[in-house]
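Below: one structure, written as structure tokens.
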Protein chains: 2
Amino acid sequence: MAKERVTVIDIARAAGVSKSTVSLVLQGSSLVNEATRAKVNAVIRDLGYVYNRSAANLRQAKSKIIGIVVNDLTNSFFAELAVGVDAVVQSAGFVQFLANTGEKSERQREVIASMREHGVSGLIISPARGTEAADLAPLVESGIPVVLVVRDIAGAGVSSLISDNRAGALAAVRHLIARGHRRIAFLGGFADTAVFQARVRGYRDALREAGLNAGDDLVIGSAPSRAGGVTAIEQAMMLEERPTAALCFNDAVAFGVCDGLRARRLEPGADFAVIGFDDVIEAKTAVPALTTVSVDPQGMGERAAELLLKQIKAGRAEPEAIVSPVRLVVRQSCGAAIERRLKEVSS
Amino acid sequence: MAKERVTVIDIARAAGVSKSTVSLVLQGSSLVNEATRAKVNAVIRDLGYVYNRSAANLRQAKSKIIGIVVNDLTNSFFAELAVGVDAVVQSAGFVQFLANTGEKSERQREVIASMREHGVSGLIISPARGTEAADLAPLVESGIPVVLVVRDIAGAGVSSLISDNRAGALAAVRHLIARGHRRIAFLGGFADTAVFQARVRGYRDALREAGLNAGDDLVIGSAPSRAGGVTAIEQAMMLEERPTAALCFNDAVAFGVCDGLRARRLEPGADFAVIGFDDVIEAKTAVPALTTVSVDPQGMGERAAELLLKQIKAGRAEPEAIVSPVRLVVRQSCGAAIERRLKEVSS
DNA sequence: TGACGAGATTGGAACGTTCCAATTATTAGT
DNA sequence: ACTAATAATTGGAACGTTCCAATCTCGTCA
């Protein structure tokens, strides 16, 4: 069954031309006569020829592969990021190598090594927790274009594309304050990540400018997952002075917070305001629809891919650090429902 | 910056051995003396050598790549499936090529072609909607091991691994009937897929064996997403005789149904019983925790990968069709909460 | 001492493609 | 009709590895 490989030489023989001509046809060169091109293409189809990229890569020392390594594919934020990357990478004629590190830096080392061995021409990395510049040093020295997404690493010397976490948190908390909230919690996330710190900074700045004290008791970390959100809100509700609103580390945490609230017979959006971060697709269809800071993961993936492609084309490009703007999308979970209900009553 | 490639020949020169010896070291052959092995390894480290898999693949006509193509990475079921595959594939020393087709068969054709060009040694495919045996024919003729997951394709002549959809639906509906429900809907999913049909078959069989009529008005299709669930339940509640319970096509639909219920001030689990299908990670932490038919996507990914690896190792294996058992996980959303509340009151 | 075999090592061919320089075929200009 | 320019085609080398058969180096045994 496993038939002989048909090669460019077989095609050449069958079409009565040389292998060089076949090669030219394969890469769509304008040098070859229309008639021969047609003939060669016909033979290619007939013999069921499959191009051997390994051989091509070997000769021209560049592949059409780009690698993307994410720290948690299970989180739909990263899944969406990956489909964004996939979309633009595909249409540029590249193919995507995707690996999931599950936040383990050992695994990350392995997959990056493996990708280099396969000769990827660029890499998009959302680094695992605790990744340091030194971990990436051999990679960047090799001259392979790299763009870091979501999480930046100081001193890595490569391009990065992160969202404006501080500004997003600032806007969200200002919104809550404008609605009259005074005890506002920050829930979820690992405190040792740069993303967490940036978001908390925005949170604190907003409180400060409103003259509210940003006590540490209201910043409660947890795993950045739905389950983490449940535990975080439980902890928050144990406090002497309970918060009335929360900005969550991400949407997954926010959903968990809603779950935890309901478990205590509190209705998110009515009895307690919750704002998420990321704007994953489910945010708009959830009930109540989640107010969140939109970072458009898919769009981010697209932009990261474009940036990488640009660098690949340019050969050697200066690293750029892009911070992607972010906007607050106000939906129901932050208390819009309360106002509406008041209006309904008064009318 | 972009330094010269260091090759096996450079290593050989620096270590004072031949390239053949270096090659032997690279593949961990026992033929080479311990002392030379150590020396070669040291030089490899010093020079920062990167193995060139393209060259190796070219020579030995087999790669360490397996491809996985999924129809919707945005759906966390498939994301989890992918991480399951990734886990076993990685530890077998393979690397994973992941592509997302977004249900478009054109895209699917492209990515499969691309994977073949890269010389993948096996393929795990969750086919896009509407894929036919003919679409896969050239692939399977080439002798590359293929395993189909989630969705089987009649007459494709390759291995498949699907879950026991009929049995799962049967168990779920029996459970609802045992709880006293008489008007039970089947919500969500595209009616033209084999998975949908199998699940509906189980649903109908359960109703029939209880002597209930399985009227078509209670089977309501929709997109298999959260948003689809919202529209499906809305449609169901328009019926003259409203259902009191629903089996949903998958968990995403089930979550949407819960959302839709809440939008009508109905509490899922208390006022209406809902059962999902798949058991994605969020199912157990949601509120109310989702009763669902557990298919363990990650485990399925692992099993699919193992099956594929087995076939790759065996060279040529008879296609096997595995149907993976499934079990009903009873949590709150199907009405457990009602009973518990009754008990609380009476005690 | 010579033959033998096991343990290590080696040079060259091969994998399927692309690139280069060279060649042939075709057309245009004088 | 001859040259120049252009269009189309070509053979061979090269890419970095693995495989094969051959070689070399010992120590052992008769």
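First the proteins, then the strands, lettered A, B, ... as listed; each starts at 1.
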Indicate yes or no: does [X] engage [Y] in a salt bridge with an N to O separation below 4.0 Å.
X: B:Glu110; Y: B:Lys104; result: no
X: B:Arg129; Y: B:Glu103; result: no
X: B:Glu306; Y: B:Arg303; result: no

Mind calculating the distance between [atom1] ([X]) and [atom2] ([N]) to the nearest angstrom?
X: B:Ile44; N: D:dG16; atom1: CD1; atom2: C1'; value: 14 Å
X: A:Leu47; N: C:dG16; atom1: CG; atom2: P; value: 15 Å
X: A:Gln27; N: C:dC20; atom1: CD; atom2: P; value: 11 Å
X: B:Asn57; N: C:dT17; atom1: CG; atom2: P; value: 14 Å
X: A:Leu24; N: C:dC19; atom1: CG; atom2: C1'; value: 10 Å
X: A:Tyr51; N: C:dT17; atom1: OH; atom2: C1'; value: 7 Å
X: B:Arg37; N: C:dG7; atom1: CZ; atom2: C1'; value: 13 Å
X: B:Ile11; N: D:dT18; atom1: CD1; atom2: C1'; value: 16 Å

If you look at every heavy atom in [X] and [Y], which pair is closest and at what distance?
X: B:Asn57; Y: B:Lys62; answer: ND2-O, 3.3 Å
X: B:Ile68; Y: B:Ala82; answer: CD1-CA, 4.0 Å
X: A:Gly122; Y: A:Ile144; answer: CA-CG2, 3.9 Å

Open item on the list: Is the phosphate of C:dT10 approached by B:Thr21 (side-chain N or O, under 4.0 Å from OP1 or OP2)?
Closed with: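 Yes, because at least one side-chain N or O of B:Thr21 sits under 4.0 Å from OP1 or OP2 of C:dT10.
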Task: Any B:Thr36 side-chain N or O less than 4.0 Å from OP1/OP2 of C:dT9 - done: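 Answer is yes, contact under 4.0 Å.
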Open item on the list: If you assign B:Gly16 and A:Val50 each to the DNA chain C nucleotide with the nearest heavy atom, which residue ends up on the more 5' nucleotide?
Closed with: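 Residue closer to the 5' terminus by nearest nucleotide: B:Gly16.
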Open item on the list: Return a single string for nucleotides 22-27 of chain D, one symbol per nucleotide in 5' to 3' order, where B is base contact, S is sugar-phosphate-only contact and - is none, cutoff 4.0 angstrom on heavy atoms.
Closed with: ------
Task: Polar side-chain atom of A:Thr36 near backbone of A:Val32 as donor-acceptor pair, under 3.5 Å - done: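 Here the side-chain-to-backbone pair does not exist.
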- [ ] Answer yes or no: is there a donor N or O on one side and an acceptor on the other, between the side chain of A:Asp135 and the main chain of A:Glu132, under 3.5 Å?
- [x]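 Checked: pair present.
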Open item on the list: The side chain of B:Val32 is closest to which nucleotide in this list: C:dT18, C:dT9, D:dA8?
Closed with: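 Closest nucleotide to the B:Val32 side chain: C:dT9.
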Open item on the list: Between A:Ser18 and A:Thr21, is there a side-chain donor-acceptor contact under 3.5 Å, judged purely by atom types and distance?
Closed with: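 A:Ser18 and A:Thr21 do have a side-chain donor-acceptor pair below 3.5 Å.
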Give each protein N/O atom lying under 3.5 Å from an N/O atom of nucleotides 11-15 of chain D, with the pair distance.
residue	atom	partner	partner atom	Å
D:dG11	N7	A:Ser20	OG	3.0
D:dG11	O6	A:Ser20	OG	2.7
D:dG12	N7	A:Lys19	NZ	2.9
D:dG12	O6	A:Lys19	NZ	2.9
D:dA14	N3	A:Arg59	NH1	3.1

